[in-house]
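As structure tokens, the structure follows; a few thoughts come after it.
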Amino acid sequence: MQVVVPFAAETPKTRLSTVLAPSERHAVARAMLADVLDAIAEADPELDPLILSTAPIELDEYDEFTDRVPRPVVAVDDRPLTEAVNDHLVSTAEPVAIVMADLALATPEAITDVVETPGDVVIAPGRGGGTNALAVRHPEFRVDYHGASYRDHRARAREVGATIETVDSFRLGTDIDEPADLAEVLLHGRGRTAATLREWGFELETSDGRVGVDRSAADSASDF
Ligand SMILES: Nc1nc2c(ncn2[C@@H]2O[C@H](COP(=O)(O)OP(=O)(O)OP(=O)(O)O)[C@@H](O)[C@H]2O)c(=O)[nH]1
Ligand SMILES: C[C@H](OP(=O)(O)O)C(=O)O
């Protein structure tokens, strides 16, 4: 199955701007993308990842921490997310999975659950109403991201007569959007993203009611 990984390359992760400098948001977005690509490759080398990026990206830097052969293809489409993904769905008659690039906790097992669960539309919801991973095997189904897209995708699937399955996954449900989500990476991440945050001096902060992250000012990037 082809696995499309949408990637906002130019101004990624704006909701992390209170804790990460612009250069760090780029770096953490790339680290998360690498973690997702690794999970896909380890789930099944036959899966065919396609990065659907808003701008050209150079993949050479991935060589040092992946043994993926061949490298994923990068397709550049600067249209908004929903439009770009739907155009891709229209252009292929084959089943397609769409896996977001900010799933830093993704594991091969979780990806396998999405691509192997039978159903015309298989959805791994994200916290907050989003759609973090999706498998589409129905020719008329189209995406409608943002807002409560989990609810909207279920409604769209019903409209076209598609069967719907939900994959209940903590690892795929945890997209890294807000500063508090970085605590989940430190707690549960096994890959590049967790290592990057630790290199930057992020630590768990447990003194308040809810676990968060803390970082010493000395470790912040110069463009913060
Ligand atoms: N190709 C493409 N991918 C996008 C676009 N917007 C977001 N993405 C990707 O879609 C996934 C979910 O993105 P969001 O969490 O909604 O947005 P984000 O840009 O990552 O973060 P924020 O700026 O904080 O909203 C991530 O993998 C993004 O890289 C877009 O317009 N085009
Ligand atoms: C793309 C969007 O992501 P969120 O804004 O929920 O992170 C969604 O899942 O619909």
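Sequence positions, counted from 1, serve as the residue numbers for this chain. All ligand and atom numbering here is 1-based and tracks the order in the structure.
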For this session: Return a yes/no value for M100: is any of its N or O atoms, backbone included, closer than 3.5 angstrom to an N or O of ligand 1?
Result: no
Exercise. How far is atom 1 (C) of ligand 2 from its nearest protein heavy atom, and which residue and atom is that?
Worked result: L81 CD2, 3.6 Å
Exercise. Starting from atom 32 (N) of ligand 1, which protein heavy atom do you reach first, and at what distance in Å?
Worked result: T54 CG2, 3.2 Å
Exercise. So I176 and M32, side-chain contact (heavy atoms from CB on, under 4.5 Å) or not? Walk me through it.
Worked result: CA-CA 9 Å; I176 307 306; M32 292 198 285; 3.6 Å; yes
Exercise. Is the shortest heavy-atom distance from the side chain of D152 to the side chain of Y145 under 4.5 Å?
Worked result: no
Problem set entry | Ligand-side contact atoms (ligand 1) for residue partner D102, heavy atom cut-off under 4.0 Å | 12 (C), 15 (O), 27 (O)
For this session: For E83, look at atom CD and say whether over 12 heavy atoms of other residues, nucleotides or ligands are found less than 6.0 Å away.
Result: yes
Exercise. Stepwise, does the side-chain contact (heavy atoms from CB on, under 4.5 Å) test hold for F7 with V74?
Worked result: CA-CA 10 Å; F7 185 62; V74 180; over 6 Å; no
Exercise. Under 3.5 Å between some N or O of ligand 1 and some N or O of P12?
Worked result: no
Problem set entry | Test item, H146 contacting ligand 1 (heavy atom, 4.0 angstrom) | yes
Problem set entry | Protein non-hydrogen atom found under 4.0 Å from atom 10 (O) of ligand 2 | yes
For this session: Check whether any side-chain heavy atom of T54 lies under 4.5 Å from a side-chain heavy atom of E10, and answer yes or no.
Result: yes
Exercise. Which residue supplies the protein heavy atom nearest to atom 3 (N) of ligand 1, what is that atom called, and how far is it?
Worked result: F7 N, 3.4 Å
Exercise. With a 4.5 Å heavy-atom cut-off, do V185 and F202 have their side chains touching?
Worked result: no
Tabulate below the donor-acceptor pairs under 3.5 Å that side-chain atoms of residues 114-125 make, not counting sequence neighbours, or state none.
unit_1, atom_1, unit_2, atom_2, d
T117, OG1, D113, O, 2.5
D120, OD2, T163, N, 2.9
D120, OD2, T163, OG1, 3.4

Exercise. For R154 and T166, does a side-chain donor sit closer than 3.5 Å to a side-chain acceptor?
Worked result: yes
Seminar exercise, completed: Test side-chain contact (heavy atoms from CB on, under 4.5 Å), reference V99, set L37, V3, L134, N132, output is V3
Exercise. Side chain or backbone of D102 under 4.0 Å from ligand 2, or both, or neither, by non-hydrogen atoms?
Worked result: neither
Exercise. So is A8 polar-close to ligand 1, meaning N/O to N/O under 3.5 Å?
Worked result: yes
Exercise. Counting from 1, what ligand 1 atoms have a heavy atom of D177 closer than 4.0 Å?
Worked result: 15 (O)
Exercise. Quick one: does P6's side chain get under 4.5 Å of V85's, heavy atoms only?
Worked result: yes
Exercise. Relative to the heavy atoms of D175, which atoms of ligand 2 are at a distance of less than 4.0 Å?
Worked result: 7 (O)
Exercise. With atoms numbered from 1 as shown, which atoms in ligand 1 lie under 4.0 angstrom from a non-hydrogen atom of T14?
Worked result: 22 (P), 23 (O), 24 (O)
Exercise. Among protein heavy atoms, which lies nearest atom 7 (O) of ligand 2, and at what distance?
Worked result: D177 OD2, 3.0 Å
Exercise. Of all residues at least two apart in sequence or in a different chain, which pass the side chain to side chain contact (heavy atoms under 4.5 Å, CB included) check with T107?
Worked result: E109, A110, R171, R190
Problem set entry | Atoms of ligand 2 close to S149 [distance to a heavy atom under 4.0 angstrom, numbered from 1] | 8 (C), 9 (O), 10 (O)
Exercise. Backbone or side chain, does any N or O of R15 fall under 3.5 Å from an N or O of ligand 1?
Worked result: yes
For this session: State the CG-CZ distance between D102 and R15, to the nearest 0.5 angstrom.
Result: 8.0 Å
Problem set entry | Value rounded to 0.5 Å, distance of CD in E94 from CG in L89 | 12.5 Å
Exercise. For A84 and ligand 1, does the shortest N/O to N/O distance drop below 3.5 Å?
Worked result: no
Problem set entry | Polar atom proximity, K13 to ligand 1 (N or O, under 3.5 Å) | yes
For this session: Decide whether the shortest distance between a heavy atom of R15 and an atom of ligand 2 is less than 4.0 Å.
Result: yes
Exercise. D175 near ligand 1, heavy-atom distance under 4.0 Å?
Worked result: no
Problem set entry | Closest protein heavy atom to atom 27 (O) of ligand 1, given as residue, atom name and distance to 0.1 Å | A101 N, 2.8 Å
Problem set entry | Residue selection (non-hydrogen contact nearest atom 31 (O) of ligand 1) among L81, T11, N132 | L81
Exercise. Any side-chain heavy atom of H146 within less than 4.5 Å of one from L81?
Worked result: yes
Exercise. Tell me: protein heavy atom nearest atom 9 (C) of ligand 1, and distance?
Worked result: P6 O, 3.7 Å
Seminar exercise, completed: Rounded to the nearest 0.5 angstrom, the CZ-CG distance for R215 and L197 is 8.5 Å
Problem set entry | Contact atoms of ligand 2, heavy-atom distance to H146 under 4.0 Å | 1 (C), 2 (C), 5 (O), 8 (C), 10 (O)
Exercise. So which protein heavy atom does atom 1 (N) of ligand 1 come closest to, and at what separation?
Worked result: L52 O, 2.9 Å
Exercise. Atoms of ligand 2 less than 4.0 Å from G130 heavy atoms?
Worked result: 6 (O), 8 (C), 9 (O)
